[in-house]
Amino acid sequence: MSIRPVYGPGDWAGSPERDLGRPGEFPFTRGVYPDMYAGRLWTMRQYAGFGTAQETNHRFRRLLAAGQVGLSTAFDLPTQMGYDSDHPMAEGEVGRVGVAIDTVDDLADLFTGIPLDRVSTSMTINATAAILLAMYVVVGEEQGVGRAQLTGTVQNDVLKEYIARGTYIYPAGPSLRLVADIFRFVSDEGMSFNPISISGYHMREAGATAVQEVGFTLANALEYVRVAVEAGLPVDAFGPRLSFFFASHNDLFEETAKFRAARRLWARLVRERYGAGDATARLRFHTQTGGVTLQAQQPLTNVVRVTVQALAAVLGGTQSLHTNGYDEALALPTEQSATLALRTQQILGHESGVTRVIDPLAGSYYVESLTDAIEAGARELVAKVDALGGAARAIELGFFQEAIARSAYEIQQAQESGEMVVVGVNRFTDDSPPPAIDTPDFSALEAHQNARLAATRGRRDATAVHASLAALRTAAAGTSALMPSILTAVRSRTTLGEISDTLREVWGVYRPA
């Protein structure tokens with residue numbers, strides 16, 4: 001963004017009453033709760049997923065013992081794409097970027113020894129979100145934990161998959177139907193569970209600017225609200241459970257202002273368009289430090305990057321935070337780097353003093369000017385998406401994709417020319433080799449997972465599986481709610497791939513133009 005070296009009273013045209021207010025009050029610029037971190041720290045939620053459910057369970061338990069208070073699950077690509085581990089499309093990918101989940105038994109193993117009524121679990125899953133949520137509900141049932149006692153978030157943001165990430169399965173229409181179905185299920189069941197985490201993170205990782213991250217995320221959010229309202233859900237029946245997910249990059253003040261602007265703009269948009277109450281207008285968000293900012297060269301410098309980014313998230317009022325391990329540009333984070341990343345949050349929360357005052361940068365001429373500029377730029381992008389017919393139509397036209405590609409190209413040019421300094425990469429370099437990182441034997445891991453899957457298929461009731469898939473096929477071809485049929489299939493140990501294939505048969509798959 002274009003900035004000046006000095007800011008003064010004339011650089012902020014806003015009103016303290018109209019644009020700031022008090023913490024916990026509309027438009028929530030200063031935070032979504034009156035006491036913010038003075039009352040309770042953010043949820044420290046480290047993202048983890050390693051090969052098999054048993055290995056990931058070990059990491060989860062170590063992180064909880066180290067003081068983490070929320071779990072965040074990474075799933076491997078076959079799980080994200082709706083393929084069982086023994087499917088030809090899964091070959092060579094099982095367990096590589098997260099945990100492999102084929103049946104509810106895998107998810108049960110993932111949470112062995114972890115009572116689901118005492119932890120909050122976030123699941124980074126989109127096209128197969130309904131299946132993983134159903135599995136989580138069934139694991140809770142089998143632990144004796146009722147649905148109303150389960151807390152956490154399922155990402156379930158398929159629109160950004162078409163834009164920036166690529167783990168989509170079905171066309172936009174049925175995909176949005178699944179999203180709305182999850183909204184209804186969580187609302188009807190009285191669950192304290194966020195049915196979506198509307199994500200700017202992946203668009204930022206793909207090259208979006210801070211303004212694009214806010215504008216495109218809120219445009220997608222408005223599309224989800226529209227679909228749910230058109231499906232008959234009152235906005236305030238599901239709106240309070242909407243959650244958001246943003247990246248935090250290296251520009252400390254721009255990132256802090258970005259979070260404040262996102263809160264204020266969402267509050268205004270959802271009130272202007274739907275007359276939403278404060279509970280819906282209160283934008284709650286999770287933050288993850290920027291994966292794309294991590295460097296393989298001199299990887300220990302990433303500790304500093306992550307600290308600056310985490311500080312920006314805290315100054316911006318995040319409700320939940322993941323800090324990346326310094327070695328993630330090389331491989332999955334080691335146990336040591338994951339623990340250090342958690343300790344970074346704990347030092348910010350307990351030693352830095354930044355939590356003693358709510359919104360400590362409020363009133364800074366620079367920060368308030370940046371907040372206004374980001375809000376204005378993001379609102380302009382939302383208006384452009386509206387003019388194209390909404391987010392789904394704008395995706396079909398390539399609007400998001402082209403805008404992000406342009407900004408990514410400009411960033412790359414700036415780094416290659418040296419205009420944008422990256423320490424250890426284009427300035428202050430040395431010849432030290434990257435550290436050696438041990439990697440798992442993924443071939444053995446895949447064989448183990450496939451053996452588990454074969455054993456489950458061998459002992460389940462095949463008649464119950466076929467009946468559950470037939471019921472799901474009928475529901476998908478009609479207009480009935482889908483979650484009841486998916487829950488029945490999951491209980492009968494139907495696999496994630498079998499459920500996904502049934503929906504593929506009815507809905508087809510998305511092919512970008």
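All values below were derived from every heavy atom in this structure, side-chain atoms included, with hydrogens, water molecules and symmetry-related copies excluded. We number each residue from 1, following the sequence as shown. Computed from a prediction, not measured in an experiment: that's the story for all the values here.
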(request) Say whether N302 and Q295, considering side chains only, have a donor N or O and an acceptor N or O under 3.5 Å apart. (result) no

(request) Would you name the heavy atoms of V158 and S175 that are closest together and state the gap between them? (result) CG1-CB, 3.8 Å

(request) Could you verify whether a donor N or O on one side chain and an acceptor N or O on the other, from S407 and Q212, lie under 3.5 Å apart? (result) yes

(request) Indicate whether the side chain of T301 and that of R305 have a donor and an acceptor atom separated by less than 3.5 Å. (result) yes

(request) Could you tell me whether R263 and D359 make a salt bridge, using a distance below 4.0 angstrom between a side-chain N and a carboxylate O? (result) no

(request) Indicate whether any N or O donor in one side chain lies under 3.5 Å from an N or O acceptor in the other, for Y224 and N156. (result) no

(message) I need the single residue from W266, F246, F244 that forms a ring-ring contact (aromatic ring centres under 6.0 Å, His included) with F285. Which is it?
(response) F246

(request) Determine, for R260 against E368, whether the closest basic-nitrogen to carboxylate-oxygen distance falls under 4.0 angstrom. (result) yes

(message) Strictly below 4.0 Å, N to O, side chains only: are E255 and R204 in salt-bridge contact?
(response) yes

(request) Check whether the side chains of T167 and E161 place a donor and an acceptor atom closer than 3.5 Å, and report yes or no. (result) yes

(message) To check you understand the geometry: which heavy-atom pair defines the closest contact between L321 and W42, and what is its length?
(response) CB-CD1, 3.6 Å

(request) Evaluate the criterion ring-ring contact (aromatic ring centres under 6.0 Å, His included) for residue pair Y510 and Y162; output intermediate values, then yes/no. (result) CA-CA 9 Å; Y510 175 74; Y162 302 121; 4.6 Å; yes

(request) Please determine, by modelled atom types, if T289 and N324 share a side-chain donor-acceptor pair under 3.5 angstrom. (result) yes

(message) Is the positively charged end of R271 above the ring of F26, judged by distance under 6.0 angstrom from the centroid and angle within 45° of the axis?
(response) yes

(request) Using distance alone, with no hydrogens and no angle criterion, decide if S369 and D11 have a side-chain donor and acceptor under 3.5 Å apart. (result) no

Give the table of side-chain donor-acceptor pairs shorter than 3.5 Å for residues 15-22, with sequence neighbours excluded, one pair per line with atom names and distance.
residue: S15; atom: OG; partner: E17; partner atom: N; Å: 3.3
residue: S15; atom: OG; partner: E17; partner atom: OE1; Å: 3.2
residue: S15; atom: OG; partner: R18; partner atom: N; Å: 3.2
residue: D19; atom: OD1; partner: R268; partner atom: NH2; Å: 2.7
residue: D19; atom: OD2; partner: S15; partner atom: N; Å: 2.9

Name each donor-acceptor pair under 3.5 Å that joins a side chain in residues 234-241 to protein atoms two or more places apart or in another chain, with its distance.
residue: D236; atom: OD1; partner: G277; partner atom: N; Å: 3.2
residue: D236; atom: OD1; partner: T280; partner atom: OG1; Å: 2.6
residue: D236; atom: OD2; partner: G277; partner atom: N; Å: 3.2
residue: R241; atom: NE; partner: F193; partner atom: O; Å: 3.2
residue: R241; atom: NE; partner: N194; partner atom: OD1; Å: 3.4
residue: R241; atom: NH2; partner: N194; partner atom: OD1; Å: 3.0

(message) I'd like to know if E55 pairs up with R59 as an ion pair, taking the criterion as any Lys NZ or Arg NE/NH1/NH2 lying under 4.0 Å from an Asp or Glu carboxylate oxygen.
(response) no

(request) Report yes if the distance between the aromatic ring centroids of H202 and F245 is under 6.0 Å, otherwise no. (result) yes

